[in-house]
Chemist: 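Starting off with a structure, shown below.
These numbers come from a predicted model, not from an experiment. Every chain is numbered from 1 and lettered A, B, ... according to where its sequence line falls, protein lines coming before strand lines.
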Amino acid sequence: MNVYGDIRTLFRDAVGHVAGERGVSAPDADFSVEPPRDARHGEISSNAALVFAGAFGMKPRDLADRLVARLEASDAVAEISVAGPGFVNLVLEPGRWRDQLRHILGQGIGYGDSQLGAGQRVNVEYVSVNPTGPMHVGHGRGAVVGDALAALLAKAGYAVTREYYVNDAGVQVDLLARSLYHRYREAAGEAPGDMREDFYPGDYLAGTASALLARDGTKWLGAAEEVWLEPVRDFAIEAMMDLIRDDLAALGVAHDVFASERELASSGAVERTLSELEERGLLHVGVLDPPKGKADEDWEPRPQTLFRSTAFGDDADRAIRKSDGSWTYFATDMAYHRDKFERGFPVLIDVWGADHKGYVKRMEAAVEALSAGGARFSVLVCNLVNLSEAGRPVKMSKRAGTYVTLREVVDRVGKDAVRFMMLTRGNEAALDFDLARAVEQSRDNPVFYVQYAHARACSALRNAADAFPGEDFSDAALGRAALDPLDGEEELALIRRLAGWPRTVEAAAEAAEPHRIAYALSEIAAAFHGLWNLGNVDEARRFVVAGDPALSRARLALVRATALVIASGLDIMGVAPVEEMR
RNA sequence: GCGCCCGUAGCUCAGUGGAUAGAGCGCUGGCCUCCGAAGCCAGAGGUCGCAGGUUCGAAUCCUGCCGGGCGCGCCA
């Protein structure tokens, strides 16, 4: 039960009917059924006649006239006309819109759930931060975008798995282990001197070092690196993953699967992947061109084994083995993506930070090759987050100690504000995040503005309980209310917005753009605040009208439906709907 | 040099091929003798970077320029 979906069905039937008359089959083309920008063009407009006229050998306006002839018989349609080059514009019976409120009240938060995905399995991989330290704010954006996208796709009917790829192999974690060992010696009372330039300098390792000392005592002191490297590394990785999982928990992010690079590598998956590519002639030995546009005094041509990613649209072939014989990150990542595909995910989505943008093409090429075109793979690249405080940029420097971690920001403004702010831009756009703005209680702050609308709605319902003791204002009771009193243009405008919620969810899911949910909620909140304010000007237009329970009930049905849609959207965003502002 | 992203109101930005391009901020002017103003309403403000092309129709798709950001051998 979805107004736009129902009208679309009417159009499809009408198009099919005309096609039958003309002895042609209607092409499976997409056409619009949507609110026009300009309200003078009615409540719903369709370009169906413009889309199908060509295939039917008709003029668009003639086809539009035929569609109108079919559609005007429907009970739902109050007015219908042809306009411009062949748009069909219509106005529905107000009751058709109002009935949508009953549907919303019946569905609750589940309103807007869709079967678009038809249960197809989707793997969303996000965060995947190296286990070498706490998360920073940029990581937080990827975490929120990935988490909201996963929730959005789930609402749209996909079977979503949320996955984290743990880079627990390779030189980074060896470096982490050596950094920790340095701290460990310090903790044990030795004076190891300054840290090496490439070590991880953060203080967080001091606590981990103490924990290591508490567990193992001084047994690693004076030992050769071959002896301590592995146990210290394992300890470090575990500690860092605990740290990261804590950061994620504070943000309200939880993954279903933590995939280990080390386990993958030791399973032989990399070798299997590469030998498959070898058999298919997709590996070759070659010499890459030197990198352009940057200082390259160290560059020397070297023949190496390359993956033929240019055959799948990449700009250059890519190395798969380092000079020391170990795999490149790309090689293990190919194996990992093949593994995801083989675990039964035809749709793979990765959420990456801006610093990995240059790797998109080669990964697309790799998945294309490894799935034989069977996987739908896409990468959402999250642009930078510019932190500021009341308009002043917060300079971040690890050296100067002004580095701001994600955890600090979450503790400062709360997870809801962080999550909402992170979704106020498309993922590809750079995002300005002002710490003061995020907690400001004003129209400027979208988090507040949407939360406030929900709280106001809850407040009206509380007021109703006071004004009409003993009356039943449950969702079920409101769903049975006579809704005819909802006849103001502002009321109907809000109802139309609520009726558009399922469309919004589907469109956002198809585009993989969770930020659209934030925008939609802001618009719904604005319509609601406007309606609320009419009650300031004219008491007769308040939601709760003393002495008129029937009118109040009808209006509260709209109020409650609005709150449910906002809550439904906030649920996708992972933001709690508050019942009162404190 | 190549690749990706961005270019829309003074500022920050929405806008999956539709009709006269929107919102917030800022500016101007209005709405409560609080108990529904943490808000609302109205107004001014645009060559959608430029030039071609495709289309019945382009901010949206294609090509070429201009400007800005990010990235570019074995790092992850």
Side-chain angles (χ1 to χ4, degrees), chain A residues 30 32 34 36-38 40-41 45-47 50-51 53-54 59-61 83-87 89 128-130 132 167 169-173 175 198 261 287-294 296 298-302 304-306 314-316 318-333 354-361 381 383-384 424-432 434 440-446 448-449 451-453 455-456 459-460 463 506-508 510-511 513 515-516 518-520 522-523 526 528-537 539 542-544 581:
Chain A
D30 202 19
S32 69
E34 59 194 11
R37 268 207 290 258
D38 190 329
R40 279 173 300 183
H41 295 126
S45 182
S46 175
N47 67 354
L50 291 118
V51 170
K59 290 181 186 167
R61 286 199 63 111
F87 290 104
N89 297 333
S128 299
V129 177
N130 290 340
T132 55
N167 295 120
V171 297
Q172 296 294 318
V173 287
L175 208 52
D198 55 346
E261 178 186 3
V287 178
L288 290 173
D289 292 334
K292 301 277 177 61
K294 73 176 219 179
D296 53 355
D298 291 339
W299 164 261
E300 44 189 75
R302 184 200 315 278
Q304 51 190 339
T305 307
L306 303 172
D314 197 2
D315 311 305
R318 304 296 177 179
I320 57 169
R321 196 190 281 276
K322 302 183 210 171
S323 52
D324 70 359
S326 62
W327 305 120
T328 61
Y329 179 84
F330 180 55
T332 52
D333 217 8
D355 49 342
H356 291 70
K357 192 158 63 172
Y359 291 76
V360 173
K361 276 196 179 181
V381 176
N383 212 321
L384 304 174
T424 54
R425 291 282 174 272
N427 56 283
E428 309 231 290
L431 172 74
D432 296 319
D434 192 298
E440 196 173 285
Q441 301 206 325
S442 79
R443 178 70 178 90
D444 298 7
N445 177 6
F448 166 78
Y449 190 70
Q451 294 275 37
Y452 185 38
R456 273 183 152 177
S459 164
N463 291 344
E506 291 193 349
E510 274 184 316
E513 292 185 354
H515 73 282
R516 292 191 193 197
Y519 277 93
S522 292
E523 285 171 4
F528 182 70
H529 285 307
L531 188 57
W532 177 286
N533 251 81
L534 293 176
N536 289 338
V537 179
E539 287 207 11
R542 294 190 174 197
F543 297 131
V544 178
M581 307 306 293

Chemist: Please list, pair by pair, any protein nitrogen or oxygen found under 3.5 Å from a nitrogen or oxygen in nucleotides 62-68 of chain B.
Modeler:
none

Chemist: Below 3.5 Å between N/O atoms, which protein atoms pair up with nucleotides 2-4 of chain B? Just atom names and distances, please.
Modeler:
unit_1: B/rG3; atom_1: O3'; unit_2: A/Lys361; atom_2: NZ; d: 3.1
unit_1: B/rC4; atom_1: O2; unit_2: A/Lys357; atom_2: NZ; d: 3.0

Chemist: Could you list the residues that satisfy side-chain contact (heavy atoms from CB on, under 4.5 Å) with A/Asp30, not counting sequence neighbours?
Modeler: A/Arg8
Chemist: Under 4.0 Å, counting only non-hydrogen atoms across every strand here, what does A/His529 touch: a base, just sugar-phosphate, or nothing?
Modeler: sugar-phosphate
Chemist: Where do N or O atoms of nucleotides 26-30 of chain B meet protein N or O atoms at under 3.5 Å, pair by pair?
Modeler:
none

Chemist: Base, sugar-phosphate, or nothing: which does A/Val171 touch, judged by heavy atoms less than 4.0 Å apart?
Modeler: sugar-phosphate
Chemist: With A/Glu440, which residues qualify under side chain to side chain donor-acceptor pair (under 3.5 Å), at least two apart?
Modeler: A/Ser442
Chemist: RNA chain B: stems of at least 3 consecutive Watson-Crick or G-U pairs, cut-off 3.5 Å?
Modeler: B:1-7 with B:66-72, B:10-13 with B:22-25, B:27-31 with B:39-43, B:49-53 with B:61-65
Chemist: Side chain to side chain donor-acceptor pair (under 3.5 Å) with A/Arg516: which residues, sequence neighbours excluded?
Modeler: A/Glu513
Chemist: By side-chain contact (heavy atoms from CB on, under 4.5 Å), which residues pair with A/Arg321, not counting sequence neighbours?
Modeler: A/Trp327
Chemist: If you measure from the C1' atom in B/rU60 to the same atom in B/rA14, how many Å do you get, rounded?
Modeler: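 About 13 Å, rounded to a whole number of Å.
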Chemist: Could you check whether A/Arg318 gets within reach of a base, just the sugar-phosphate, or nothing at all, counting any heavy atom under 4.0 Å?
Modeler: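 A/Arg318: no heavy atom of the nucleic acid under 4.0 Å.
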Chemist: Which residues pass the side-chain contact (heavy atoms from CB on, under 4.5 Å) test with A/Asp289, sequence neighbours left out?
Modeler: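 Counting only residues at least two positions away or on another chain, A/Asp289 forms no side-chain contact (heavy atoms from CB on, under 4.5 Å).
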Chemist: Base, backbone or nothing for each nucleotide of nucleotides 7-17 of chain B, written B, S, -, heavy atoms under 4.0 angstrom, 5' to 3'?
Modeler: -----SSSSB-
Chemist: What's the gap between B/rG22 and B/rU63 when it is taken at their C1' atoms, as a whole Å value?
Modeler: 29 Å
Chemist: With A/Asp355, which residues qualify under side chain to side chain donor-acceptor pair (under 3.5 Å), at least two apart?
Modeler: none
Chemist: Please identify each residue that fulfils side chain to side chain donor-acceptor pair (under 3.5 Å) with A/Thr424, with sequence neighbours left out.
Modeler: none
